[in-house]
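Note that the structure is a prediction, hence the values are computed from the model and not measured. No hydrogens, no waters, no symmetry mates; every other heavy atom, side chains included, goes into these values.
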Amino acid sequence: MTIIRYGIEGGTGTGGQHLPFARATQAGGFLYVSGQTPMIDGEVVEGGIVEQSRLAIQNCINIMEEANYTLEDVVHVKVVLTDSRYFQSFNKVFKEFFGDHPPARICMVCDLVVDVKVEVDVTCFRQDRV
């Protein structure tokens, strides 16, 4: 089995900090996308939970597309919210993206190391990549 790492040069976090991990790793038909927050070029995009959720999910999609995976290939999503009151709003955004092909999911509430409202990671699978 070959392991392919995407973005191993590392991304940029807040304050220009080098991030020492891959954006995604592909192995045995699976693609594991690292947690994505509502950031562009290392800068947090301000906004409410709806705007931040859309951007965090879109950041995952951008990485998936780089590896030639689609939303239909998503089998599991992990979501971290910083406030339980965001749950219903996040679900509405989630349905915008995954309504036709919902994956399994976990959603938890805890502090994040970046001052954002949400972080999302996805796991994808494609049989033709096994």
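Note: the hydrophobic cluster containing Val75 also contains Val130 (ILVMFWY, side chain heavy atoms under 4.5 Å, direct or indirect links). The cluster map of Ile, Leu, Val, Met, Phe, Trp and Tyr, joined by side-chain heavy atoms under 4.5 Å apart, puts Val116 and Ile63 in different clusters. Ile106 is connected to Leu112 through a chain of hydrophobic side-chain contacts under 4.5 Å among Ile, Leu, Val, Met, Phe, Trp and Tyr, so both are in one cluster. In the hydrophobic clustering of this structure, Val77 groups with Val50; members are Ile, Leu, Val, Met, Phe, Trp, Tyr whose side-chain heavy atoms approach within less than 4.5 Å, directly or through other members.
Side chain of Gln52 to main chain of Lys117: a donor-acceptor pair is present (N/O by atom type, distance under 3.5 Å, no hydrogens or angles). Formation of a donor-acceptor pair under 3.5 Å by the Thr123 side chain with backbone atoms of Tyr32 is not found in this model.
In plain terms, the two heavy atoms of Tyr6 and Ala22 that are nearest each other are O-CB, 3.4 Å. Between Pro103 and Val74, the shortest heavy-atom distance links the atoms CB-O, 3.5 Å. Considering all non-hydrogen atoms of both residues, Asn59 and Thr37 come closest at ND2-O, 2.9 Å.
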Problem - Leu71/His101 under side chain to side chain contact (heavy atoms under 4.5 Å, CB included): CA gap, chis, key distance, verdict - result: CA-CA 8 Å; Leu71 283 174; His101 36 80; 3.3 Å; yes

Q | Tyr86 and Phe90: CA distance, side-chain angles, deciding distance, ring-ring contact (aromatic ring centres under 6.0 Å, His included) verdict | A | CA-CA 6 Å; Tyr86 298 152; Phe90 179 83; 9.9 Å; no

For this session: Kindly indicate, with the supporting measurements, whether the criterion side chain to side chain contact (heavy atoms under 4.5 Å, CB included) is fulfilled by Gln36 and Val118.
Result: CA-CA 8 Å; Gln36 298 299 302; Val118 60; over 6 Å; no

| query | After noting the C-alpha distance and the side-chain angles of Cys107 and Phe87, does the key distance pass the side chain to side chain contact (heavy atoms under 4.5 Å, CB included) rule? | reply | CA-CA 8 Å; Cys107 186; Phe87 186 70; 3.8 Å; yes

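Residues Ile3 and Gln26 have side chains not in contact (no heavy-atom distance under 4.5 Å, counting atoms from C-beta outward). A 4.5 Å side-chain heavy-atom check between Val44 and Glu46 finds at least one atom pair inside the cut-off. Between Val80 and Cys110, some side-chain heavy-atom pair lies under the 4.5 Å cut-off. Counting heavy atoms from C-beta on, the side chains of Phe97 and Ile61 come closer than 4.5 Å. Two residues are said to be in side-chain contact when any heavy atoms from C-beta on lie closer than 4.5 Å; Val122 and Tyr69 fail this criterion. A 4.5 Å side-chain heavy-atom check between Met39 and Val114 finds at least one atom pair inside the cut-off.
Once rounded to the nearest 0.5 Å, the distance linking CE of Met64 with CZ of Arg23 reads 14.0 Å. Atom SG of Cys60 and atom CG of Leu31 lie 10.0 Å apart (nearest 0.5 Å). For the atom pair CZ of Phe98 and CD1 of Ile57, the computed distance is 5.5 Å after rounding to the nearest 0.5 Å. Between the CG atom in Asp83 and the CD1 atom in Ile49 there is a gap of 8.5 Å [rounded to 0.5 Å]. For the atom pair Thr70 OG1 and Arg126 CZ, the distance stands at 7.5 Å (nearest 0.5 Å). To the nearest 0.5 Å, the span separating CG on Asp121 from NZ on Lys78 amounts to 3.5 Å.
The cationic group of Arg129 does not satisfy the cation-pi geometry with Phe30, failing either the under 6.0 Å distance to the six-membered ring centre or the 45° limit from the ring axis.
Between Arg54 and Glu96, at least one side-chain nitrogen of the basic residue sits less than 4.0 Å from a carboxylate oxygen of the acidic one, meeting the salt-bridge criterion.
A donor-acceptor contact closer than 3.5 angstrom links the side chains of Gln58 and Asn62.
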